[in-house]
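What follows is a set of notes on a single structure, which appears directly below.
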Amino acid sequence: MTAPDELLDLARQAASAAGRMLAERRPAGGPAVVATKSSPTDVVTEMDRAAERLIRKMIAAVRPADAILGEEGGETGQGAAVRWIVDPLDGTVNYLYGLPDWAVSIAAEVDGAIVAGAVVAPRRDEEFCAVLGGGAWLRTAGCEPVQLHCNAPVPLDQALVATGFGYDARQRRVQGQVLSAVLPVVRDIRRGGSCAVDLCSLASGWVDAYYEHGVNYWDIAAGGLIAREAGAMVGGLNGKAAGRSMTLGAGPALFGELHDLLAGLDPERDG
């Protein structure tokens, strides 16, 4: 069986290559929107698709028997022991507008468990990575890798909390209602626009917690591992796994406080 470190090396290489391409080939006036998904504001650009094609090509060249689940290309190679979970451009709207908070996220899953993950944020000059049981690390150009640790303990009323919003108007209405209840009882709220970057910010101690309804598996696969390896708890509500219904991350004590607050607000409804 392939060691997680070897899978991480390939994830880092592919994510870095895709990130460079996205940064270098972004048109000066912004990329053209070629499709929409859940709503007219949930956009896909040709660069999303080009980045995923590059990642798939790089993985297949080294590991042709592996399965790949990508946001743009769906799943290929079902039934393989190793499956790659690929978000070629998390934060597409940020990328479209020239904002820096976007990233390439690649995770390796073995027998259903995420064992390696890399998140590359080119405009921030940051690469986050982790292997299961090996800690989480931040690499920036010209610097030694730094091991990451989430902030703990942090009481709820002093917590800086990151969140995000969906694209469906009914879902956003509910998310706004939930936010209006959370905001008065925490230090403040941050909305960056990339789930993967938010989870890595949690791992880095740049925010104390993160929650969001409606994220997909490819949004959280790599970033969730990185946050866990930095000491955070990542899960859903009422014992469920992190996923579309709810993804919540924080240090252990704060996780419980924020969980109980959110659970009383029925945040998983779609409006």
Side-chain angles (χ1 to χ4, degrees), residues 4 7-8 11 38 66-71 74-75 78-87 90 103 105-119 128-136 148 150 152 156 159 161-166 168 171 174-175 178 182 194-203 207-270:
L7 299 175
L8 178 62
S38 62
D66 289 354
I68 301 176
L69 172 63
E71 179 177 13
E75 186 163 8
Q78 292 95 328
V82 177
R83 183 171 70 152
W84 298 86
I85 314 300
V86 176
D87 190 339
D90 186 49
S105 173
I106 304 176
E109 179 191 81
V110 177
D111 296 329
I114 301 295
V115 300
V119 174
F128 305 88
C129 62
V131 294
L132 185 63
L148 301 179
C150 72
L156 183 64
V161 180
T163 192
F165 308 112
D168 179 82
Q171 185 184 82
V174 172
Q175 289 172 323
V178 171
V182 173
S194 165
C195 171
V197 173
D198 283 343
L199 285 166
C200 292
S201 294
L202 168 63
V207 297
D208 300 308
Y210 163 77
Y211 77 91
E212 187 169 353
H213 167 63
V215 297
N216 294 294
Y217 189 40
W218 45 77
D219 298 315
I220 63 173
L225 176 67
I226 291 164
R228 289 186 184 96
E229 287 296 320
M233 292 181 64
V234 179
L237 293 181
N238 302 312
K240 291 185 288 189
R244 282 194 63 82
S245 60
M246 180 58 67
T247 294
L248 165 62
L254 178 56
F255 183 96
E257 284 194 85
L258 185 56
H259 172 280
D260 292 348
L261 172 64
L262 290 169
L265 300 173
D266 192 17
E268 299 171 306
R269 68 192 191 279
D270 285 322

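Quick caveat, the model's predicted, so the values are computed rather than measured. As a basis for the values below, the full set of heavy atoms in this structure was taken, side chains included, without hydrogen atoms, waters or symmetry mates.
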Atom pair OH (Tyr211) and CG (Leu261), whose distance is rounded to the nearest 0.5 Å: 8.5 Å
Without hydrogens or angle criteria, can the side chains of Glu71 and Tyr217 be said to hold a donor-acceptor pair below 3.5 Å? no
Return the CD1 to CD1 distance between Ile220 and Ile114, rounded to the nearest 0.5 Å. 9.0 Å
Answer yes or no: is there a side-chain heavy-atom contact under 4.5 Å between Trp218 and Val86? no
Interatomic spacing from CG in Leu199 to CD in Glu212 - rounded to 0.5 Å: 9.0 Å
Could you tell me whether the side chain of Glu229 reaches within less than 4.5 Å of the side chain of Leu225, counting heavy atoms only? yes
Is it true that Asp90 and Ser194 share a donor-acceptor pair across their side chains at a distance under 3.5 Å? yes
Heavy-atom closest contact (Ala107 atom, Ala222 atom, distance): CB-N, 3.7 Å
Look at Glu75 together with Arg83 and state whether they make a salt bridge at an N to O cut-off of under 4.0 Å. yes
Under 4.0 Å between a Lys/Arg side-chain N and an Asp/Glu carboxylate O for Lys240 and Glu268? yes
What's the separation between atom CD1 in Ile226 and atom OG in Ser105, rounded to the nearest 0.5 Å? 7.0 Å
Once rounded to the nearest 0.5 Å, what's the spacing between atom CD1 of Ile68 and atom CD of Gln78? 11.0 Å
To the nearest 0.5 Å, what is the distance between CG on Leu237 and NE2 on His213? 10.5 Å
